[in-house]
Trainee: 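Supplied in structure tokens, the structure appears directly below.
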Number of protein chains: 2
Amino acid sequence: MSKHAKEMGILKEHLENHQLKFTRQRELILDAFLKQEHITAEEMYHQLARKDPHLGLATIYRTLNLFCEAGLAQARHFGTQTQYDNVSHKGHHDHLICTGCGKIVEFENCDIERLQEEVATKNGFTITTHRLELYGLCSRCRH
Amino acid sequence: MSKHAKEMGILKEHLENHQLKFTRQRELILDAFLKQEHITAEEMYHQLARKDPHLGLATIYRTLNLFCEAGLAQARHFGTQTQYDNVSHKGHHDHLICTGCGKIVEFENCDIERLQEEVATKNGFTITTHRLELYGLCSRCRH
DNA sequence: TTCTTTTTGATATAGTTTATCAATTTCAAA
DNA sequence: TTTGAAATTGATAAACTATATCAAAAAGAA
């Protein structure tokens with residue numbers, strides 16, 4: 001049994017529910033993906049080229065987008081590229097980012113999460129995930 | 001005197017401090033920009049094409065990036081395009097995004113903003129800006 | 001006005017992601 | 001196990017966004 005049995009199960013269920021097929025490539029890409037916190041399609045392409053030189057870039061893109069639909073990944077536009085975040089690694093923490101030195105502090109705040117739910121409900125939405133990033137200066141950079 | 005005298009002043013000061021010149025195009029683009037909460041370069045290109053058909057797309061990009069440097073605008077990667085947010089528009093709004101149909105609802109929540117400040121202060125940060133995106137399904141896509 | 005520097009518009013280029021399509025693979029049914 | 005319809009893949013073309021290039025035009029100080 002694989003180390004990633006749970007996520008593999010989520011993927012298989014998604015595939016079944018959408019008349020999609022379980023392939024060697026999808027298994028390979030999921031295994032590689034779950035080892036990362038986040039990765040770009042290009043990075044994964046080069047990383048997997050060693051294991052399977054014939055794995056095409058288009059397949060990587062298609063598969064990572066599939067993972068997003070299955071709820072295993074989350075796309076995030078960063079600079080000019082798209083980062084695919086590993087949702088299972090992520091937990092529920094948000095980020096404080098210092099624009100001076102690049103320092104990143106993770107935090108969790110239940111009250112904020114509760115208010116987010118409130119806003120969503122008020123607008124008829126059901127939240128599956130979210131992203132909160134606070135940009136500013138840390139104490140050292142402010143001086 | 002223009003309706004956007006304050007922002008025009010900020011731009012002119014930035015231009016002077018950087019040996020840049022005040023041009024008809026920069027004035028035109030700033031006027032159009034300040035009427036929006038946020039806009040893409042492409043949208044602005046089409047919008048201004050009616051007033052000045054010869055205004056090039058490259059100039060729009062250059063100028064919007066200039067506004068970012070002057071602190072008048074803020075770039076935000078959204079979907080495949082870059083949104084240029086109007087900073088002078090005080091009520092910073094956040095986004096509810098439907099992963100089913102792509103529908104986007106803007107919202108504002110003072111309580112959330114207050115809690116964000118709290119978190120930042122606790123960690124020694126001073127927030128200059130933030131990004132909050134809630135992903136989920138709208139009422140129509142849930143059914 | 002003159003002259004130097006910056007800017008502009010048109011377009012080429014770079015870089016990322018998606019579309020296309022013949023060949024291959026999957027998987028359920030026979 | 002074999003068959004066959006449907007989905008997937010790999011290679012590559014195409015679409016798209018944003019930046020680079022460069023001759024011509026405009027800005028602004030002298």
Side-chain angles (χ1 to χ4, degrees), chain A residues 8 11-30 32-33 38-70 73-85, chain B residues 8 11-33 38-70 73-85 102:
Chain A
M8 207 60 84
L11 175 62
K12 284 187 176 175
E13 193 182 325
H14 179 85
L15 296 176
E16 277 172 28
N17 293 340
H18 293 79
Q19 277 103 42
L20 303 175
K21 293 174 177 176
F22 186 74
T23 65
R24 186 178 60 78
Q25 289 88 342
R26 285 172 177 168
E27 183 175 16
L28 194 68
I29 294 171
L30 182 57
F33 175 69
H38 53 77
I39 195 166
T40 65
E42 197 73 33
E43 281 166 5
M44 176 159 286
Y45 179 64
H46 288 116
Q47 194 171 306
L48 289 181
R50 290 191 293 266
K51 287 188 179 177
D52 185 343
H54 296 295
L55 221 160
L57 183 58
T59 300
I60 306 273
Y61 273 107
R62 279 188 294 237
T63 306
L64 288 173
N65 287 332
L66 171 71
F67 292 171
C68 289
E69 281 154 31
Q74 191 181 315
R76 174 170 47 95
H77 299 280
F78 191 80
T80 62
Q81 284 187 300
T82 300
Q83 288 280 345
Y84 292 86
D85 291 351
Chain B
M8 207 60 84
L11 175 61
K12 284 188 177 174
E13 194 182 324
H14 179 85
L15 296 176
E16 276 171 29
N17 293 341
H18 293 78
Q19 279 103 42
L20 303 174
K21 293 175 178 178
F22 186 73
T23 65
R24 185 178 61 78
Q25 289 88 340
R26 284 172 178 168
E27 183 175 16
L28 194 69
I29 294 172
L30 182 57
D31 259 329
F33 175 69
H38 51 75
I39 195 167
T40 65
E42 196 73 32
E43 281 166 6
M44 176 159 284
Y45 179 65
H46 288 116
Q47 194 171 306
L48 290 180
R50 290 191 293 266
K51 288 187 179 178
D52 186 342
H54 295 295
L55 220 160
L57 183 58
T59 301
I60 308 273
Y61 273 106
R62 279 187 292 236
T63 306
L64 288 173
N65 286 332
L66 172 70
F67 293 171
C68 289
E69 280 155 30
Q74 192 181 314
R76 173 170 51 91
H77 297 281
F78 195 83
T80 63
Q81 285 186 300
T82 300
Q83 288 281 347
Y84 291 87
D85 292 350

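Heavy-atom basis, side chains included; hydrogens, waters and symmetry copies ignored. Every chain is numbered from 1 and lettered A, B, ... according to where its sequence line falls, protein lines coming before strand lines.
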Trainee: C/dT18 phosphate, OP1 or OP2: any side-chain N/O from A/Y61 under 4.0 angstrom?
Mentor: no
Trainee: Could you state the atom-to-atom distance from NE2 of A/H54 to P of D/dT12 in whole Å?
Mentor: 12 Å
Trainee: NA contact type, B/T40, heavy-atom cut-off 4.0 Å: base, sugar-phosphate, or nothing?
Mentor: nothing
Trainee: In whole Å, what is the span from the CD1 atom of A/I29 to the P atom of D/dT8?
Mentor: 13 Å
Trainee: Should B/T59 be listed as having a side-chain N or O under 4.0 Å from OP1 or OP2 of C/dG9?
Mentor: yes
Trainee: Using side chain to side chain donor-acceptor pair (under 3.5 Å) as the criterion, point out the one residue from B/N65, B/T40, B/T63 that pairs with B/Y84.
Mentor: B/N65
Trainee: Applying the side chain to side chain donor-acceptor pair (under 3.5 Å) criterion to A/Q83, which one of A/E43, A/H38, A/R76 satisfies it?
Mentor: A/H38
Trainee: Whole angstroms only, please: what is the CD1-C1' distance between B/I60 and C/dT7?
Mentor: 14 Å
Trainee: Can you tell me the distance, in whole Å, between the CG atom of B/N65 and the P atom of D/dA18?
Mentor: 9 Å
Trainee: What is the distance from CD of B/E27 to P of C/dT8, rounded to the nearest Å?
Mentor: 12 Å
Trainee: Over how many whole Å does the gap from B/Y45 atom OH to C/dT8 atom C1' extend?
Mentor: 13 Å
Trainee: Which ones in residues 17-24 of chain A lie close to DNA chain C, meaning a heavy atom under 4.0 Å from one of its atoms?
Mentor: A/K21, A/F22
Trainee: Need to verify one output field. Residue with the more 5' nearest nucleotide on DNA chain D, B/H77 or A/L15?
Mentor: A/L15
Trainee: Using whole Å, what does the distance between atom P of nucleotide D/dT8 and atom NE2 of A/H14 come to?
Mentor: 10 Å
Trainee: Return the polar atom pairs (N/O with N/O) between nucleotides 20-24 of chain D and the protein under 3.5 Å, or none.
Mentor:
none

Trainee: Apply the side-chain contact (heavy atoms from CB on, under 4.5 Å) test between B/I29 and each candidate in B/L11, B/D52, B/I60; give the one that qualifies.
Mentor: B/I60
Trainee: Picking from D/dT9, C/dG9, C/dT16, which would you name as closest to the side chain of B/L55?
Mentor: C/dG9
Trainee: Could you tell me whether the side chain of B/R26 and the main chain of B/K12 form a donor-acceptor pair under 3.5 Å?
Mentor: no
Trainee: Atom CG of A/L57 and atom P of C/dT17: how far apart are they, to the nearest Å?
Mentor: 9 Å
Trainee: Would you indicate which nucleotide in C/dT8, C/dT16, D/dT17 comes nearest to any side-chain atom of A/T80?
Mentor: C/dT16
